[in-house]
> 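Could you have a look at this structure, given as structure tokens, before my questions?
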Protein chains: 2
Amino acid sequence: MSYIVPMRRLRLPGGDLEYAVLTRLWELGLASAREIHTHVGEPAGLAYTTTAKVLDRLHVKGLVIRERKGRAFIFRPKVARGIFDQARARTLLSRLLGSRPLTAVATLVEAVESIDPTLLDELERAVAARRRSPDGT
Amino acid sequence: MSYIVPMRRLRLPGGDLEYAVLTRLWELGLASAREIHTHVGEPAGLAYTTTAKVLDRLHVKGLVIRERKGRAFIFRPKVARGIFDQARARTLLSRLLGSRPLTAVATLVEAVESIDPTLLDELERAVAARRRSPDGT
DNA sequence: GACAATGTACGACATACGTCGTAGATGATC
DNA sequence: GATCATCTACGACGTATGTCGTACATTGTC
């Protein structure tokens with residue numbers, strides 16, 4: 001790892017709460033702050049304004065669109081989940097691989113296994129699939 | 001993703017600069033702040049005190065040991081790289097897998113490929129190896 | 001022993017994010 | 001139309017981390 005780059009400022013990833021909110025939005029297609037809160041914030045014991053604030057920040061970051069509907073807003077994702085997740089995965093992966101990709105890959109596989117052994121099959125399948133279509137099938 | 005857990009406070013991961021410094025320490029075995037700075041901070045255009053501060057924080061976090069040597073300190077890692085990297089990988093991976101592990105695995109493989117296609121081989125090998133010895137060979 | 005060089009200690013500021021609380025606006029209800 | 005419920009706007013605080021600068025201490029050198 002060189003850390004020569006002074007700190008990338010990708011507006012993409014974001015924190016866990018933001019991602020959880022965005023995820024819910026992707027699943028619902030469109031939703032009010034209240035709905036998102038009911039699904040994400042509330043079960044986590046968070047205040048309604050916390051959810052609202054997150055939605056607000058996502059809006060500022062241009063990750064969600066919002067339209068007024070009466071006194072409230074209806075939010076909808078502005079970025080495609082696939083695109084976002086891809087970028088997010090690349091960012092997280094880059095940090096993980098660092099200067100010793102080979103070793104890191106082994107560690108990565110171990111981690112996958114420790115989280116859920118059955119994912120090894122999936123991993124194998126995914127690699128095979130990737131091999132079959134190096135493009136984007 | 002449920003985000004039910006209010007935010008883990010693992011003292012492990014840390015940021016990129018901290019990880020870069022720790023990595024250098026693992027590589028060198030033991031080193032002075034000046035040495036680390038020469039290897040990590042300087043090439044990144046950082047001030048010496050920045051490197052020193054990072055080392056200081058790593059010390060506070062109990063990730064490095066330091067012994068006085070004259071007016072300076074000699075640092076040495078306190079945690080094994082393997083252990084640390086494993087925990088780090090698990091943390092990063094957990095965030096990546098989220099609520100749709102299957103989809104995430106595919107995205108993950110794509111990301112690996114986009115970063116370095118040859119790593120797919122490595123990934124395959126690692127999975128196979130993991131299969132052969134589910135323990136810790 | 002005075003001085004320059006080099007270290008450490010530490011406070012400070014910036015940003016990203018999680019997390020609330022309050023205030024004010026707006027729509028719904030009787 | 002007065003009242004109540006619900007939203008949004010926004011400021012604030014806490015923590016983690018990157019990033020410096022300054023002050024103070026220590027060491028090595030004439």
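Bear in mind the structure is a predicted one, so any value in this text is a computation, not a measurement. Reckoned from all heavy atoms, side chains included, excluding hydrogens, waters and symmetry mates. Letters A, B, ... mirror the listed sequences (proteins, then strands); counts begin at 1.
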> To the nearest Å, how far apart are B:F75 CZ and C:dA9 C1'?
12 Å
> Report yes or no: is there a donor-acceptor pair, N or O only, under 3.5 Å between the side chain of B:R57 and the base of D:dG18?
yes
> Can you tell me how far P of C:dT19 sits from CG of A:D56, to the nearest Å?
16 Å
> With the side chain counted from C-beta on, respond yes when A:E122 and A:L119 share a heavy-atom pair under 4.5 Å apart, and no when they do not.
yes
> Of the nucleotides D:dG18, C:dT19, C:dC17, which one has an atom closest to the side chain of A:E18?
C:dC17
> In whole Å, what is the span from the CG atom of B:L46 to the C1' atom of C:dA14?
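B:L46 atom CG is separated from C:dA14 atom C1' by 15 Å.
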> Find the distance A:K69:NZ to D:dT6:C1' and express it as a whole number of Å.
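In whole Å, D:dT6 C1' lies 14 Å from A:K69 NZ.
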> Could you work out, with side chain to side chain donor-acceptor pair (under 3.5 Å) as the rule, every residue matching B:R90, not counting sequence neighbours?
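B:R90: side chain to side chain donor-acceptor pair (under 3.5 Å) contacts with A:S114.
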> Hey, does the side chain of B:R68 come within less than 4.0 Å of D:dT27's phosphate (OP1/OP2), counting only N and O?
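For B:R68, the contact criterion (side-chain N or O under 4.0 Å from OP1 or OP2 of D:dT27) is not met.
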> Please determine whether a side-chain nitrogen or oxygen atom of B:Y48 lies at a distance below 4.0 Å from atom OP1 or OP2 of C:dT8.
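The answer is yes; a side-chain N or O of B:Y48 sits under 4.0 Å from OP1 or OP2.
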> Other than B:L30, what residues sit in its cluster of Ile, Leu, Val, Met, Phe, Trp and Tyr side chains whose heavy atoms are under 4.5 Å apart, directly or through others?
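B:I74, listed by chain and number.
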> Separation of A:L63 atom CG from C:dA16 atom C1', in whole Å?
14 Å
> Is there a donor on the side chain of B:K53 or the base of D:dG21 sitting less than 3.5 Å from an acceptor on the other?
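Absent.
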> Would you say that B:K78 contacts B:L25 through its side chain, given a criterion of any heavy-atom pair below 4.5 Å between the two side chains?
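A side-chain contact under 4.5 Å is absent here.
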> Answer with base, sugar-phosphate or nothing: what part of the nucleic acid does B:A47 contact at a heavy-atom distance below 4.0 Å?
sugar-phosphate
> What is the separation between atom CG on A:L22 and atom P on C:dG18, rounded to the nearest whole Å?
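My rounded result for the distance is 12 Å.
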> Separation of B:L55 atom CG from D:dT17 atom P, in whole Å?
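Nearest whole value for this atom pair: 15 Å.
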> Between C:dT6 and B:R34, is there an OP1 or OP2 to side-chain N/O distance shorter than 4.0 Å?
no
> Does B:Y19 have B:R88 sitting over its ring (NZ/CZ under 6.0 Å from centre, angle to axis within 45°)?
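Yes, cation above the ring, under 6.0 Å and within 45°.
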> On a heavy-atom basis, which atom in A:T107 and which in B:D85 lie closest, and how many Å separate them?
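What the structure gives for the nearest pair is CG2-O, 3.7 Å.
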> State the CZ-CG distance between A:F75 and A:D56, to the nearest 0.5 angstrom.
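The CZ atom of A:F75 sits 7.0 Å away from the CG atom of A:D56.
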> Let me have a per-nucleotide readout for nucleotides 22-30 of chain C, 5' to 3', with B, S or -, counting only protein heavy atoms under 4.0 Å.
B----B---
> Does the pair B:E35 and B:R24 meet the rule for a salt bridge (charged side-chain N to carboxylate O under 4.0 Å, His left out), with working shown?
CA-CA 9 Å; B:E35 271 179 281; B:R24 222 25 149 186; over 6 Å; no
> Under 4.0 Å between a side-chain N/O of B:T50 and OP1 or OP2 of D:dC20, yes or no?
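Yes, because at least one side-chain N or O of B:T50 sits under 4.0 Å from OP1 or OP2 of D:dC20.
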> Does C:dC17 have OP1 or OP2 sitting under 4.0 Å from an N or O in the side chain of A:K61?
yes
> Nearest to the side chain of A:L17, which nucleotide is it out of D:dT17, D:dT8, C:dG18?
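Taking heavy atoms from C-beta onward, the closest nucleotide is C:dG18.
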> Can you check the B:R95 CZ to C:dG18 P distance for me, whole Å?
9 Å
